[in-house]
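Structure, as structure tokens:
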Amino acid sequence: MRESIYTIPVNEVFVPENGCPICRMRDMLEERCLEYIMGAAMMEPDVRIETNRLGFCTDHYFAMLKRRNRLSIGLMLESHLEEVEKNILKGDFTALFDKQSRAKKAKALGESCYVCSKIDWAMERMLSTVFRLYTNEKAFREAFRECDYLCLPHYELLVSRGANEIPKKSFSDFHKDALKLTTDHLAELRGDVSHFCKMFDYRNSGEDADWGNSKDAVERAVEYLTTRRPK
Ligand SMILES: [Zn+2]
Ligand SMILES: [Zn+2]
């Protein structure tokens, strides 16, 4: 595997831009992975062995279908489907010790994804760097606090992983900072979603109705809760 494509300097992610920095990290890794398997890696046997085995999740099948290169999906599917038949569905049915073996294999395949596995692998390393920088560098702690917000799933990820990796002395500050980033954003979202709902009242139906910051409040709330912005 070309590991270098999954290396992103953490300082490029923790910048004072809109959005959750960990979502940004995930999006960059995802983009690089999709670019790679749909292009340069299309004919690489080691990549194909992994995509045959793991397949893809719904999000990533759809993300690939949105791109132009349908031949690379076709080639990946051609050998993936062959492997599904050979490894999951074929074989002597009566000789199976475990009657549910096929169903279990099919379930495991449904839960695995080549792109997700690469993102998880790279994120794990990058998060360790985040924790190390937070513990040791004042400038990074400041950059962390300056982030726009943390979405709820990434607040959970940072705090649960950080609890094991950040020394006790620094962890309570880290948790306090992470909690503030996610709580402040939630308060803002709640205000915007309530404003959005009020705009459906007949008293607010005039042309000069003030939507304030609420027009995309529902999309932003979904993004906060799921890490994905509805398109
Ligand atoms: Zn996020
Ligand atoms: Zn996936």
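In each ligand, atom 1 is the first atom listed, and ligand 1 is the first ligand listed.
- Counting only residues at least two apart or on different chains, the salt bridge (charged side-chain N to carboxylate O under 4.0 Å, His left out) pairs with a member in residues 154-170 are R161-E165.
- Grouping Ile, Leu, Val, Met, Phe, Trp and Tyr residues whose side-chain heavy atoms lie under 4.5 Å apart, directly or via other members, leaves V222 alone, with no other cluster members.
- In this structure, F56 has its ring center closer than 6.0 angstrom to the ring center of Y61.
- The atom name of the N/O/S atom in H60 closest to the Zn ion (ligand 2) is ND1.
- Excluding waters, the protein N/O/S atoms found under 2.8 Å from the Zn ion (ligand 1) are C20 SG, C23 SG, C151 SG, H154 ND1.
- The environment of CD in E219 is crowded: more than 12 heavy-atom neighbours from other residues, nucleotides or ligands sit within 6.0 Å.
- Applying the salt bridge (charged side-chain N to carboxylate O under 4.0 Å, His left out) rule to pairs touching residues 107-116 yields K107-E111, sequence neighbours excluded.
- Judged by the 6.0 Å distance and 45° axis criteria, K118 is positioned over the aromatic ring of Y114.
- Take the Zn ion (ligand 2) as the corner point: the lines to SG of C113 and to SG of C57 open at 110°, to the nearest 10 degrees.
- Between D216 and R229, at least one side-chain N (NZ, or NE/NH1/NH2) sits under 4.0 Å from a carboxylate O, which counts as a salt bridge.
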